[in-house]
Amino acid sequence: MKLGLKSTIKNIIIVIVGTFVLAFGTAVFLVPSNLVTGGMIGIAIIADNIYSIPTGSLPFTSIDIYIFILEWTLFILGFIFIGKSFSLKTLISAIFYPLFLALCQKMVSNDFLNGFFVLKSEGYTSTLLCAVFGGFLTGAGVAITFLGGGSTGGTDIIALMLCKLFKRVKSSTMIFFVDGAIVVLGVFVLKDFAVSLLGIVAAQICAFAVDKIFVGRSRAFIAQIISEKWQEISDAIIKETERSTTILDVEGGYTHKERKMVMVSYTLNEYSTVSRIVALNDKYAFMTIHQAHEINGEGWTRPSPESENNKNEEDNNQA
């Protein structure tokens, strides 16, 4: 029990730290430069440019209020339509992110440390610096949150709900579509094409930071999924990731009930897809994810027979 409690407390602290880094990168770099990188902050920046909520003497900005509304609205929707297992992963970020964002925005002031966090350069030089450092810090924050077993939620919840309506669309494709739509909308609202392009640069740097910090050198994972809907989960994983699964017969140590377990190896690019497939098909599923040190075999260190045959056919046609 003590080891379990220590591990839980450690993970909570890691998620809180990751959430703070995310909020710091967002408040200090993305918000002041109106960099729309997708996600909740992209929606908040767009909404603030359309209509800035008057706050008067309140210690909050219009952005803070929009983020608070979005965070908790999406959390409630995720809890209702996706399930509590997914929503609980986002709970800590839902609580701390709006608070940290409001706090960090106070730091971007001439009154705080004599304006230490206020960029003195003007024009697109300042915006470029914000794109680089803002993208890296937000990516680092997301990665640290993942390392603690948490999730930042946000517009991923919108994508998951849309996947329930458009079941033939992959969740990764839907996430890309949602974030892409936010970026495109930002182009028309902000009316600054250069800033919009730098927002895309920041988004790419964010993805790079998540890749390097969360995964490191290893890009492979192994998931073990115990679920009553193991067949649906297995079929969806095979269809969306084109990774083969292994079905194992297992027995509960406490209940002694016989169950089925789906085991699958996959890459970082497929990480979110597998997690969302499980969440969409069975909110009560029990899933354990391990980072693989090394994976050898067909589809990993050597091509599958089908791909080799296709390559040989292409070579013959070219000849």
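The structure displayed is predicted, hence computed values, not measured ones.
Scanning for ring pair (Phe, Tyr, Trp, His ring centres under 6.0 Å) contacts around Phe75 gives Trp72, with sequence neighbours left out. Take Ser62 and apply the side-chain contact (heavy atoms from CB on, under 4.5 Å) test, not counting sequence neighbours, and it matches Asp48, Ser52, Ile53, Tyr66. The side chain to side chain donor-acceptor pair (under 3.5 Å) test applied to Glu71 returns no partner, not counting sequence neighbours. Contacts of Thr73 classified as side-chain contact (heavy atoms from CB on, under 4.5 Å), with partners at least two apart in sequence or in another chain: Ile69, Leu77. Residues meeting the salt bridge (Lys or Arg N to Asp or Glu O under 4.0 Å) test with Lys260, sequence neighbours left out: Asp249. Residues satisfying the side-chain contact (heavy atoms from CB on, under 4.5 Å) criterion with Ser234, sequence neighbours excluded, are Ile238, Thr245, Ile247, Val262. Under the rule for a side-chain contact (heavy atoms from CB on, under 4.5 Å), the partners of Glu232 that lie at least two apart in sequence or sit in another chain are Lys229, Asn281. Residues passing the salt bridge (Lys or Arg N to Asp or Glu O under 4.0 Å) test with Glu228 are Arg259, sequence neighbours excluded. Every residue two or more places apart in sequence or in another chain was checked for a side chain to side chain donor-acceptor pair (under 3.5 Å) with Asn11, and none qualifies. Checked against ring pair (Phe, Tyr, Trp, His ring centres under 6.0 Å), Phe96 has the following partners two or more places apart in sequence or in another chain: Phe100.
Taking CG of Leu185 as the start and CD1 of Ile46 as the end, the distance is 4.0 Å to the nearest 0.5 Å. If you take CG on Asp235 and CH2 on Trp230, they are separated by 8.5 Å, rounding to the nearest 0.5 Å. Taking OG1 from Thr145 and CD1 from Ile14, the interatomic distance works out to 10.0 Å, rounded to the nearest 0.5 Å. To the nearest 0.5 Å, atom CZ of residue Phe136 and atom CD1 of residue Ile205 are 10.0 Å apart. The structure places CE of Met261 at 6.0 Å from CD1 of Ile226, a figure rounded to the nearest 0.5 Å. With rounding to the nearest 0.5 angstrom, the CD1 atom of Ile9 is 7.0 Å from the CD1 atom of Ile12.
A single hydrophobic cluster is not seen to contain both Ile67 and Leu103; linkage of ILVMFWY side chains at heavy-atom distances under 4.5 Å, directly or through other members, places them apart. The hydrophobic clustering, which links ILVMFWY residues whose side-chain heavy atoms are closer than 4.5 Å, places Phe177 and Ile158 together. The hydrophobic clustering, which links ILVMFWY residues whose side-chain heavy atoms are closer than 4.5 Å, places Leu147 and Val274 together. By the criterion of side-chain heavy atoms lying less than 4.5 angstrom apart, applied directly or through intervening Ile, Leu, Val, Met, Phe, Trp or Tyr residues, Ile80 is grouped together with Val278 in one hydrophobic cluster. Note on Val183: it does not cluster hydrophobically with Val210, by side-chain heavy-atom contacts below 4.5 Å among ILVMFWY residues.
Looking at heavy atoms from C-beta onward, Ser244 lies out of side-chain contact with Ile237 at the 4.5 angstrom threshold. The shortest distance between side-chain heavy atoms of Ser275 and Met287 falls below 4.5 Å. Looking at Ile222 and Ile289, their side chains never come closer than 4.5 Å, going by heavy atoms from C-beta outward. For the pair Tyr97/Leu99, no side-chain contact is recorded, criterion being any heavy-atom separation below 4.5 Å from C-beta on.
Summarising the local packing, CD of Glu258 is surrounded by 12 or fewer heavy atoms from other residues, nucleotides or ligands at distances under 6.0 Å.
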Name each donor-acceptor pair under 3.5 Å that joins a side chain in residues 187-204 to protein atoms two or more places apart or in another chain, with its distance.
from   : atom 1 : to     : atom 2 : distance (Å)
Asp192 : OD1    : Tyr124 : OH     : 3.1
Asp192 : OD1    : Ala194 : N      : 3.3
Asp192 : OD1    : Val195 : N      : 3.3
Asp192 : OD2    : Tyr124 : OH     : 3.4
Ser196 : OG     : Asp192 : O      : 3.1

Using a 3.5 Å cut-off and no angle test, enumerate the donor-acceptor pairs between side-chain atoms of residues 16-45 and protein atoms at least two apart in sequence or in another chain.
from  : atom 1 : to    : atom 2 : distance (Å)
Thr19 : OG1    : Val15 : O      : 2.7
Thr19 : OG1    : Ser93 : OG     : 3.1
Thr26 : OG1    : Leu22 : O      : 2.8

Task: Glu240 vs Ile277, side-chain contact (heavy atoms from CB on, under 4.5 Å): CA-CA, chis, key distance, verdict - done: CA-CA 9 Å; Glu240 293 200 30; Ile277 285 172; 4.0 Å; yes

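For Val264 against Tyr266, the heavy-atom pair with the smallest separation is O-CD2, 3.7 Å.
Under 3.5 Å, the side chains of Gln105 and Thr61 contain a donor-acceptor pair of N or O atoms.
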